[in-house]
Amino acid sequence: MNQLYLECYSGISGDMFVASLLDLGASKEVLEEVLSSLSLTGFKTEITRVNKSGLDVCDFNVILDHDNHDHDMNYLYGEHTHHEHHHHEHRHLHDILHIIDHAQMTDHAKELAKKIFTILGEAEAKAHGTSIEEVHFHEVGAVDSIVDIISAAVCFDDLGIDEVYIPVIYEGTGTVNCAHGTLPIPVPAVNNIVSSHHLPIHIDTIKGELVTPTGAAIAASIVTSHTLPSTFTIKKTGIGAGKRAYERPSLLRAMLIEITPRH
C-alpha cells in the first residue's frame, strides 16, 4: 500500500502539488512524454531546484508564450492595469476532456485528470451561476491549469498511490483580483469545492490566497481520509515550492508513509 500524507500548512496549488510529487520521485521522463503528446501549444515546462527558507525544494513551472497573470502579484492584489486583455482561448469542459482523452496517458491518469477537471468545472459553474456544460475555463482552462492538472494526474499515477491523508488545508484571508473583479478569499470556486467535498479547512491570519481552485480540486479528487494514523513512519518526503511570496514560505510537503502498530 502506497500511502501519501499531504501537509498543507501553506495551502495547495497545482504547481506545488506537481513539484512535491516530482520531488518524491515521480518520473520526469513519463511526465514530459505525456506533455509532449498534448494537442496544446504555447507552453513549456521547467522543473528546477529552488531554495526556500534555506530548504532545497522542487519547483514546477508552466511557462506560457504570453503573459501569465497568475504569478504576477501586482495583478492579483494590486491595481488593475490597462494591458490585461486576456489572450486565453475559451475552452469548455468537453474540449478539455477531449485533450485528456487523446493524450498518451494511462487510463488511471486520464480518469483522475477528468475527475479533477469535473470537480473544478462544477465549482466554477456554481460560482458563476451557470451549468458545467456552459462554464468556460478562461482562468482555469488557461493552458497552465490544463498542464498543471494533467501533470498532477500523471505524477500521482506514476507513484502508484493508494491512499491519501489530508487532515487540514490552511487558507488565508482578504481579497484577490481576478478577471471578474475582486473576490473574497477563499475564492468562490475554492469555497464550493471545500463545501461539496467536505475538505477540512483552517482559515489562517495570513493575507492572501493560499488555496487555488486547481489545488482544492486536486485535494478533493484524491483524498481518502482526513484522519492521520496515530503513528506512522515516513518513508520519503517531497517538497514543492509555491510561486507566491507570503509572510510564510509557500511549501507543500508530500510524504510517503507507512502505518506502524503501537507496541
Side-chain angles (χ1 to χ4, degrees), residues 1-6 8 11-40 43-47 58-62 70 91-124 132 137 139-166 169 189-190 193 196-197 199 211-224 238 240 242 252 254-256:
M1 281 288 265
N2 281 329
Q3 296 171 312
L4 184 74
Y5 163 35
L6 276 188
C8 306
I12 183 169
S13 64
D15 54 341
M16 288 166 83
F17 178 77
V18 174
S20 70
L21 295 193
L22 287 165
D23 203 30
L24 258 187
S27 166
K28 288 179 193 180
E29 294 70 35
V30 167
L31 176 58
E32 279 157 6
E33 207 167 295
V34 172
L35 294 180
S36 66
S37 80
L38 298 181
S39 57
L40 269 187
F43 78 93
K44 60 178 197 265
T45 56
E46 236 177 30
I47 299 164
C58 182
D59 181 87
F60 175 73
N61 198 10
V62 180
D70 184 48
R91 286 191 173 87
H92 290 82
L93 185 63
H94 63 87
D95 301 319
I96 294 169
L97 298 181
H98 181 85
I99 290 169
I100 294 168
D101 269 329
H102 291 79
Q104 302 288 310
M105 304 160 70
T106 67
D107 287 345
H108 181 250
K110 282 183 183 178
E111 286 314 304
L112 181 54
K114 288 179 182 179
K115 185 179 176 185
I116 297 167
F117 260 111
T118 305
I119 288 172
L120 197 49
E122 283 165 353
E124 291 284 358
I132 191 162
F137 295 87
E139 284 161 296
V140 177
V143 173
D144 51 347
S145 292
I146 297 176
V147 176
D148 277 345
I149 288 173
I150 288 175
S151 301
V154 169
C155 291
F156 186 81
D157 174 61
D158 186 63
L159 289 170
I161 292 158
D162 308 295
E163 285 184 5
V164 180
Y165 298 93
I166 305 178
I169 297 172
V190 167
I193 293 169
S196 313
H197 298 270
L199 288 176
V211 182
T212 64
T214 300
I218 290 168
S221 68
I222 62 173
V223 65
T224 54
L252 177 68
M255 301 171 220
L256 284 176

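Both backbone and side-chain heavy atoms feed into the values below; hydrogens, waters and symmetry mates do not. Sequence positions, counted from 1, serve as the residue numbers for this chain.
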Is the closest side-chain heavy-atom distance between M1 and E163 below 4.5 Å? yes
Please determine, by modelled atom types, if Q3 and Y5 share a side-chain donor-acceptor pair under 3.5 angstrom. no
To the nearest 0.5 Å, what is the distance between CZ (F60) and CE (M16)? 14.0 Å
What is the minimum heavy-atom distance between T214 and G14, and which atoms define it? CG2-CA, 3.9 Å
Judged by atom type as modelled, is there a donor-acceptor pair below 3.5 Å linking the side chain of D158 to the main-chain atoms of A26? no
Working to the nearest 0.5 angstrom, can you tell me the gap between L22 CG and T45 OG1? 9.5 Å
So which atom in L31 and which in C155 form the shortest heavy-atom distance, rounded to 0.1 Å? CD2-SG, 4.0 Å
Taking only residues two or more places apart in sequence or in another chain, which ones pass side-chain contact (heavy atoms from CB on, under 4.5 Å) with D157? T106, H108, A109
If you look at every heavy atom in G11 and V211, which pair is closest and at what distance? CA-CG2, 4.1 Å
Does the side chain of R91 come within less than 4.5 Å of V143's, by heavy atoms? yes
Are the side chains of L252 and C8 in touch, meaning some heavy atoms are under 4.5 Å apart? yes
Rounded to the nearest 0.5 angstrom, the CG-CD1 distance for D95 and I100 is 11.0 Å
Can you name the side-chain hydrogen bond (donor to acceptor under 3.5 Å, both in side chains) partners of S196, sequence neighbours left out? none
Any salt bridge (Lys or Arg N to Asp or Glu O under 4.0 Å) pairs touching residues 104-114, not counting sequence neighbours? D101-K114
Atom CD1 of I149 and atom OG of S151: how far apart are they, to the nearest 0.5 Å? 10.0 Å
In sequence, state the C-alpha distance, the side-chain angles, and the governing distance for D15 and V62, and then conclude on side-chain contact (heavy atoms from CB on, under 4.5 Å). CA-CA 8 Å; D15 54 341; V62 180; over 6 Å; no
Measure the shortest side-chain to side-chain distance between E124 and P213 over non-hydrogen atoms and say whether it is less than 4.5 angstrom. yes
Among residues at least two apart in sequence or on other chains, which ones pass side-chain contact (heavy atoms from CB on, under 4.5 Å) with A152? F17, V18, I218
Residue set satisfying side-chain contact (heavy atoms from CB on, under 4.5 Å) with I132, at least two apart, ordered chain then number -> L93, T118, E122
Just wondering, do L24 and L4 contact through their side chains at under 4.5 Å, heavy atoms? yes
Side-chain contact test, heavy atoms from C-beta onward, threshold under 4.5 Å: evaluate it for V223 versus H197 and give yes or no. no
Looking at A113 and M105, what are the two nearest heavy atoms and their distance? CB-CE, 4.2 Å
Give me the atom names and distance for the closest heavy-atom approach of V30 to S27. N-OG, 2.9 Å
Taking all heavy atoms of A19 and all of C58, pick out the closest pair and write down the distance. CB-O, 3.3 Å
Kindly write out the residues that satisfy side-chain contact (heavy atoms from CB on, under 4.5 Å) with A217, not counting sequence neighbours, or none if the list is empty. I116, I119, L120, I193
OG (S20) and CG (D59) are apart, to the nearest 0.5 Å, by 12.0 Å
State, with a plain yes or no, whether a side-chain heavy atom of I146 is found less than 4.5 Å away from one of F43. no
From CG (L6) to CG (L21), nearest 0.5 Å: 7.5 Å
Side chains of N2 and L159: closer than 4.5 Å at any heavy-atom pair? no
Indicate yes or no for a side-chain donor-acceptor contact from T224 to the backbone of V164 under 3.5 Å, with no hydrogens or angles considered. yes
Are the side chain of H102 and the backbone of H98 linked by a donor-acceptor contact shorter than 3.5 Å? yes
